[in-house]
Amino acid sequence: MTTSYRKRLTANDTGETGGHQAGICVPRDDDALLSFFPTLDPAVFNPDAWLLCEDDSGVEWRMRYIYYNGRLHGRNTRNEYRITHMTKYLRRWGAKVGDSIVFTNKSTPFHYGIRLEREADSMSAEEDPLPGLIILRGWKRVF
DNA sequence: AGCCATGCACCG
DNA sequence: CGGTGCATGGCT
């Protein structure tokens, strides 16, 4: 039983805006999506976990899944999940704005399959057969 | 909520 | 010293 989630890449995600690639944002208001990724303890300040993501060519990339939660600890205003360490992978596959990165969970915890969907391909899957399954702007579950 | 941006540390 | 990522602030 596998599940996949897709995130459409923005200019900031690909580094085109000149940002230092702090990572893509993971919406925190979707329980299914949060349980899809490892649990990060809110009681811990800025907890993180390493994801082992295997791409289509069998190469495994380590990505950092982190919960910036300083707001919960009175340290700052942050309260959001992020996935960082994607720059090498994105460059390897020449990711562009509009392309999507797809995470598919494996049977082993912390292990995921990743795939880059070109804009043209993801477009066809853009019309959703089941309304209500769209997760916010960037993220969406795929079947 | 989500995307854009940056000062600094670290490391090759 | 340039690239990368951390942690955070800012803007919409």
Side-chain angles (χ1 to χ4, degrees), chain A residues 3-106 108-143:
Chain A
T3 307
S4 296
Y5 278 95
R6 165 156 51 91
K7 204 270 179 198
R8 189 183 169 100
L9 298 175
T10 66
N12 195 50
D13 295 337
T14 61
E16 286 178 37
T17 56
H20 302 183
Q21 194 55 46
I24 67 176
C25 186
V26 179
R28 82 169 191 288
D29 63 343
D30 187 275
D31 294 337
L33 181 52
L34 289 186
S35 58
F36 172 77
F37 287 116
T39 301
L40 295 178
D41 189 355
V44 176
F45 174 66
N46 288 1
D48 67 341
W50 288 96
L51 310 180
L52 300 171
C53 306
E54 184 181 357
D55 69 17
D56 286 341
S57 66
V59 176
E60 195 162 76
W61 306 81
R62 296 170 68 251
M63 294 184 184
R64 189 186 185 215
Y65 176 52
I66 179 167
Y67 181 24
Y68 283 112
N69 63 359
R71 180 174 195 168
L72 307 181
H73 297 265
R75 315 251 305 230
N76 54 57
T77 64
R78 291 299 106 184
N79 186 22
E80 63 191 34
Y81 291 82
R82 282 207 173 119
I83 295 177
T84 64
H85 278 261
M86 308 183 41
T87 48
K88 281 208 170 64
Y89 168 77
L90 293 177
R91 191 157 52 218
R92 157 68 179 80
W93 292 92
K96 296 187 295 290
V97 175
D99 291 345
S100 298
I101 181 168
V102 181
F103 289 86
T104 302
N105 62 357
K106 298 188 173 187
T108 341
F110 303 102
H111 285 73
Y112 297 83
I114 48 172
R115 178 167 49 92
L116 197 68
E117 259 183 24
R118 299 298 167 182
E119 182 166 28
D121 303 330
S122 55
M123 273 291 125
S124 56
E126 204 60 47
E127 68 255 47
D128 51 297
L130 303 170
L133 288 176
I134 298 177
I135 317 288
L136 301 182
R137 248 181 293 188
W139 287 82
K140 165 175 193 174
R141 182 172 175 177
V142 295
F143 297 90

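Throughout, protein chains are lettered first and strands after them, A, B, ... in sequence-line order, and every chain is numbered starting at 1.
Here the straight-line distance linking atom SG of A:C53 with atom CD of A:E60 works out to 8.0 Å at 0.5 Å rounding.
Residue whose closest nucleotide on DNA chain C sits further toward the 5' end, between A:K88 and A:G70: A:K88. Of the two residues near DNA chain C, A:T84 and A:E80, the one whose nearest nucleotide lies more 5' is A:T84. Between A:G18 and A:R78, it is A:R78 whose nearest contact on DNA chain B lies nearer the 5' terminus.
Residue A:T17 places at least one side-chain N or O under 4.0 Å from the OP1 or OP2 atom of B:dA5.
A 4.0 Å heavy-atom criterion places the boundary nucleotides of DNA chain C facing chain A at C:dT4 to C:dG10, written 5' to 3'.
Atom CZ in A:R71 sits about 11 Å away from atom C1' in B:dA1, given to the nearest Å. At whole-Å resolution of the value, NE2 in A:H85 and C1' in B:dC11 are 13 Å apart. Taking atom CZ of A:R8 as the reference point, atom C1' of B:dC3 lies 14 Å away to the nearest angstrom. In this structure, CG of A:L9 is placed 11 Å from P of B:dC4, rounded to the nearest angstrom. The CG-P distance, from A:N12 to B:dC3, rounds to 9 Å in whole Å. One atom, CD of A:Q21, and another, C1' of B:dC8, lie 18 Å apart when rounded to the nearest Å.
One N or O on the side chain of A:N69 and one on the backbone of A:N46 form a donor-acceptor pair closer than 3.5 Å. Looking only at distances, a side-chain donor or acceptor of A:W139 sits under 3.5 Å from a matching main-chain atom of A:C25. For A:R28 (side chain) and A:N79 (main-chain N/O), a donor-acceptor pair under 3.5 Å exists by modelled atom type.
Using a 4.0 Å heavy-atom cutoff across all strands shown, A:R75 reaches no nucleic acid atom at all. Counting non-hydrogen atoms under 4.0 angstrom, A:I66 reaches the backbone sugars and phosphates but no base. As judged by a 4.0 angstrom heavy-atom cut-off over every strand, A:Y81 is placed among residues making no nucleic acid contact.
Taking the six-membered ring for Trp and the full ring otherwise, the centers of A:F37 and A:Y112 sit less than 6.0 Å from each other.
A side chain to side chain contact (heavy atoms under 4.5 Å, CB included) with A:Y81 holds for exactly one of A:I24, A:L33, A:L40; it is A:L40.
Of all heavy-atom pairs between A:H73 and A:A43, the closest is CE1-O, 2.9 Å.
Checked against B:dC3, B:dC4, B:dG7, the side chain of A:H20 finds its nearest nucleotide in B:dG7.
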